[in-house]
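The structure appears below as C-alpha cells.
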Amino acid sequence: MPADAPGRPLRIVLAEDSVLLREGIAGLLTRFGHEVVAAVGDADALLAAVAGHGPDAVVTDVRMPPGLQDEGLRAAVRLRAERPGLPVLVLSQYVQRAYAAELLDSGDGTGVGYLLKDRVGHVEEFVAALAEVAAGGTVVDPEVVRQLLRRRRDPLARLTPREREVLALVAEGKSNGAIARTLVVSEAAVGKHIGSILTKLDLPPADDTHRRVLAVLAFLRA
C-alpha cells in the first residue's frame, strides 16, 4: 500500500455495471494496496459475491441490470440487513431517495457511505472515504443529505387544495371516473390533477390504479 494511503488493506467486493469503470475502480483500489476479491456487474452477482467471499467492505453503484433502476442500492440495503456490520460505500451518479435513507439508517448508521461520482474530486478523497467507512465511520455527500432532507419535509405542502382532495380520493382506491363524479369535474381534469400530484410528490406515473394507490400511500407513510 502506498505510504500515504489511509487505512488498512481491505478485501473488497466491487459492483459496477460499466465494464470500463469497474476495471478502473478495481485497478485503483489495487494500486492502493486493497484486494478486489470480486468485481461484478449486477445486483444478484453482488449478493452472491458477498456470500461467497465474506469481504471487509462493499463498493457498489445504484443502477444496475436488469432494470437499471435501484437494484444495486436495494442489494446494499439487503446486505446491511443480513450483515449489519458490513461496511458499504455507494458510489453513484444519482441520489435514489427511496432507499438511500434506509441504507444510511442501517446498522445504527455506522460503516456506511453514499458518494456521488461527479463530486468526488480526487482519487485520494475516494480512497479515504472507503477507509473511513471500513473503520465504522459514515461518509455522505452533502448533496445526498440535502435531497434527503427535502424529502423529509411535508410532502403535501406543494399540493393545491384541489389536488389534496383528489389525492384523498385516490388513496381510497377510487378510479378517475369515480373521482370526477365525486368532485363534479371532467375525467380529463382528474387525470391532469393526478399527473400533477405524482410529479410534485416525485412519484413515477403508473397506469394501474392499484399500483398508483400503493405508491401514494407508501410516500405518505415515509
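Computation of the quantities below employed the complete heavy-atom set of this structure, encompassing side-chain atoms and omitting hydrogens, waters and symmetry-equivalent molecules. Bear in mind that the values here come from a model prediction, so they are computed numbers and not experimental data.
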Let's go through Arg31 and Val123 carefully: what are the C-alpha distance in whole Å and the side-chain angles of both, what is the deciding distance for side chain to side chain contact (heavy atoms under 4.5 Å, CB included) to 0.1 Å, and is it a yes or a no?
CA-CA 11 Å; Arg31 179 162 65 88; Val123 167; 4.0 Å; yes
If I compare all heavy atoms of Leu130 with all of Ala57, which pair ends up nearest, and what's the gap?
CD1-CB, 4.3 Å
I'd like to know whether CZ of Arg78 has more than 12 heavy-atom contacts from other residues, nucleotides or ligands below 6.0 angstrom.
no
To the nearest 0.5 Å, atom CG of Leu28 lies from atom CD of Glu124 at 8.5 Å
Atom CD in Glu102, atom CZ in Arg80: separation rounded to 0.5 Å?
11.5 Å
CG/Asp17 to CG/Asp42 distance, rounded to the nearest 0.5 angstrom?
9.0 Å
Same cluster or not: Tyr94 versus Leu46, using hydrophobic residues (I, L, V, M, F, W, Y) connected whenever any side-chain heavy atoms lie under 4.5 Å apart?
no
Determine whether Ile12 and Asp56 make a side-chain contact, defined as any pair of heavy atoms from C-beta on separated by less than 4.5 Å.
no
Only one of Val50, Val13, Val58 forms a side-chain contact (heavy atoms from CB on, under 4.5 Å) with Val88, so which one is it?
Val58
Flag, side chain of Glu35 to backbone of Val37, donor-acceptor distance under 3.5 Å
no
Measuring from atom CD1 of Ile194 to atom CD of Glu163, what distance do you get when rounded to the nearest 0.5 angstrom?
10.5 Å
Please give me the minimum heavy-atom distance between Leu91 and Phe126, naming the atom from each residue.
CD2-CE1, 3.9 Å
Is the backbone N or O of Ala26 less than 3.5 Å from a side-chain atom of Thr30, with the two atoms forming a donor-acceptor pair by type?
yes
Salt bridge check: are Lys117 and Asp61 linked by an N-O gap of less than 4.0 Å?
yes
Got Leu183 and Leu169 here, is their nearest side-chain heavy-atom distance under 4.5 Å?
yes
Can you name the one residue among Leu89, Thr60, Val59 that meets side-chain contact (heavy atoms from CB on, under 4.5 Å) with Leu14?
Val59
For the student: nearest non-hydrogen atoms of Glu71 and Ala43, plus distance:
O-CB, 3.6 Å
Taking all non-hydrogen atoms of both residues into account, name the closest pair between Ile179 and Val166 and its distance.
CD1-O, 4.3 Å
For the atom pair NE2 (His34) and CZ (Arg8), what is the distance rounded to the nearest 0.5 Å?
9.5 Å
When rounded to the nearest 0.5 angstrom, what distance separates CD in Glu187 from OG in Ser175?
7.0 Å
Looking at every heavy atom in both Gly111 and Thr138, which two are closest together, and how far apart are they?
N-OG1, 4.4 Å
All heavy atoms of Arg11 vs all of Pro55, minimum pair found to be O-CB, 3.3 Å
